[in-house]
Amino acid sequence: MRCLSAWAALLLAFAAIPASAVQVLQPFDDSRDPPTWRPLTDAEQAQHELGLTVFNTSWRPAGAARAGRIDGLGPVFNAASCDACHNNGARARTTVEPGLIPVSMVVQLGGPDGKAADPSYGQVLNTAAIDGFQPEAQVRLSYVERRGRYPDGRPWSLRAPTYRFDELRLGPLRSDTVIKPRLAPALFGSGLLDAVPASAVASDDSAAGRFGWQGNVPSLAAQTAQAFAQDMGLTSADFAQDDCGAADARCRAAQSGGEPEVSDDFLTAVIAYQRLLAVPASPPLDASSEQAGLVLFERHGCASCHRGSLPVSGIEGLASIAPYTDLRRHDLGPGLADRNVSGKIQPSRWRTAPLWGLGYAVRRPPYALLHDGRARSIEEALLWHDGEAASARRRFERSTVAERNRLLDWLSAR
Ligand code: HEC
Ligand code: HEC
């Protein structure tokens, strides 16, 4: 009975939110408490606060004193909280420099067929461990600088990364294991990307999902459970195995923090929390700069992938969003492709990176662009575009310096 009336109250409160109150882009006045894209009911507010708390929680090893319901971290992991990588929901707040990779960069491992994990190390090379265990490895990166010139003679410079693995606890990686370095993306607007109907993204691409840099994870819920398991070593009802490799018996036998380690209410709350996060708005450009930038963006062919409008379904008061992505996967050429341990290029398809919220990252350095953070600026990110995006890049390169700057300014205001 009590339960029923609470439900009725929730429905009433929900009905009281006017559809016009939906606002996807919002100023982020306090980065520590990002706004939601619609007002919340009281019940939602409580769940939102729980979700935020779970997001910020540093999980503890199984059996830790007074760890209550937040134990089970590891035994191997990358970071102890979601927030350590997705700072207040934002993309990794770091540059990616030569030396040890930042915490918010995760090296995933792929089998030669693109699916099976490494038998010793699992899906993710975990660079941290709880007391009594050792990390799987340490990853160092170095760059080779590539210099070139625009057709008008102005110079540019890009950095191509290579990765080195030290202290590999269970022996060398197989030479055909694919190295997949990935920097933590922003979570803003994830719930809205989740609400784009499959029919609007459908393609003949069998590996297609919509989350992750390769768009290979089907939903926000799946991505969250996978993050708990693979990046933090925490099991949940949706993902019952943490990331011990099949051959790592000691890791598999480690003490558990409960069955599952992340309880259902925590998992549900952190998913609900992300689902409602708005996208940071940038200060508007003057009307003529806005128009001129958009014309170039369209004329160069950027908008064919970075689509300015996608439909959403199931959200009252919102028919479409402007994420600047088609949520599809594209081959951007060998320069951006993953490589295996012996250096062989693996043809790779990437989800068109959403450009909404880009200005927020650029206004709050440090930041890094592209899936592995190699690009130090928006300009560098554009110059890496090749493969299916080669002609768009060439049109950018051939435009005048004034036009290039106009487009870059426009992009920094997304
Ligand atoms: C060690 C760093 C790290 C931790 C901890 C981490 N993530 Fe991530 N997250 C990443 C990386 C890296 C990616 C990109 C993965 C990929 O491209 O396959 C990602 C991707 C995501 C995405 C997909 C976003 C998109 O648009 O594609 C979501 C959602 C997400 N993480 C949520 C979470 C949540 C919730 C937690 C905590 C339970 C969490 N993450 C913990 C690093 C991390
Ligand atoms: C064929 C599809 C395609 C076209 C055309 C294209 N892009 Fe992209 N864009 C992508 C993909 C895919 C990525 C992610 C690549 C990666 O991370 O390795 C990306 C990444 C980016 C990024 C970095 C975003 C981030 O979060 O790191 C920017 C900025 C960008 N594109 C702008 C442009 C502009 C401007 C144009 C036109 C000159 C353009 N793109 C044309 C597919 C495309």
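In this chain, residues are counted from 1 in sequence order. Whatever order the structure lists them in is the order used to number ligands and atoms, beginning at 1.
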Self-check item: Backbone or side-chain N or O of Arg393 under 3.5 Å from ligand 2 N or O
Solution: no
Exercise. Applying side-chain contact (heavy atoms from CB on, under 4.5 Å) between Pro102 and each of Thr95, Leu141, Thr94, report the one that passes.
Key: Thr94
Exercise. Give the total of protein N/O/S atoms at a distance below 2.8 Å from atom 8 (Fe) of ligand 1.
Key: 1
Quiz prompt | Minimum non-hydrogen distance to atom 28 (C) of ligand 2, winning option of Asp386, Ile378, Leu355 | solution = Leu355
Exercise. Check each heavy atom of Leu220 against ligand 1 and say whether those closer than 4.0 Å belong to the side chain, the backbone, both or neither.
Key: side chain
Quiz prompt | Per-residue contact class, Gln108 against ligand 1 - non-hydrogen pairs under 4.0 Å | solution = side chain
Exercise. Keeping to residues at least two apart or across chains, list the disulfide bond (SG atoms under 2.5 Å apart) pairs with something in residues 245-344.
Key: Cys244-Cys251
Quiz item: Where does Ala84 meet ligand 1, judged by heavy-atom distances below 4.0 Å: at the side chain, the backbone, both, or neither?
Solution: neither
Quiz prompt | Among Ala368, Ala186, Gly301, closest by any non-hydrogen atom to atom 5 (C) of ligand 2 | solution = Gly301
Quiz prompt | ligand 1 contact on Arg351 by region, counting heavy-atom pairs under 4.0 Å | solution = side chain
Exercise. Ignoring angles and geometry beyond distance, decide whether Trp213 reaches within less than 3.5 Å of ligand 1 through its nitrogen or oxygen atoms.
Key: yes
Self-check item: Min heavy-atom dist Ser81 to ligand 1 below 4.0 Å
Solution: yes
Exercise. Just go through Arg394, His371, Glu379 and tell me whose heavy atom is the nearest to atom 18 (O) of ligand 2.
Key: His371
Exercise. Could you list the atoms of ligand 1 found under 4.0 angstrom from a heavy atom of Gln274?
Key: 29 (C), 32 (C), 35 (C)
Quiz item: Does Arg91 have a heavy atom less than 4.0 Å from any atom of ligand 2?
Solution: yes
Quiz item: With a cut-off of 2.8 Å, does any N, O or S atom of Cys302 fall short of it relative to atom 8 (Fe) of ligand 2?
Solution: no
Self-check item: N, O or S of His306 under 2.8 Å from atom 8 (Fe) of ligand 2
Solution: yes
Quiz item: Quick one: does Phe297 get an N or O within less than 3.5 Å of an N or O on ligand 2?
Solution: no
Exercise. Using heavy-atom distances, let me know which of Asp338, Val362, Leu332 sits nearest atom 15 (C) of ligand 2.
Key: Leu332
Quiz item: Which atoms of ligand 1 sit under 4.0 Å from any heavy atom of Asn78?
Solution: 1 (C)
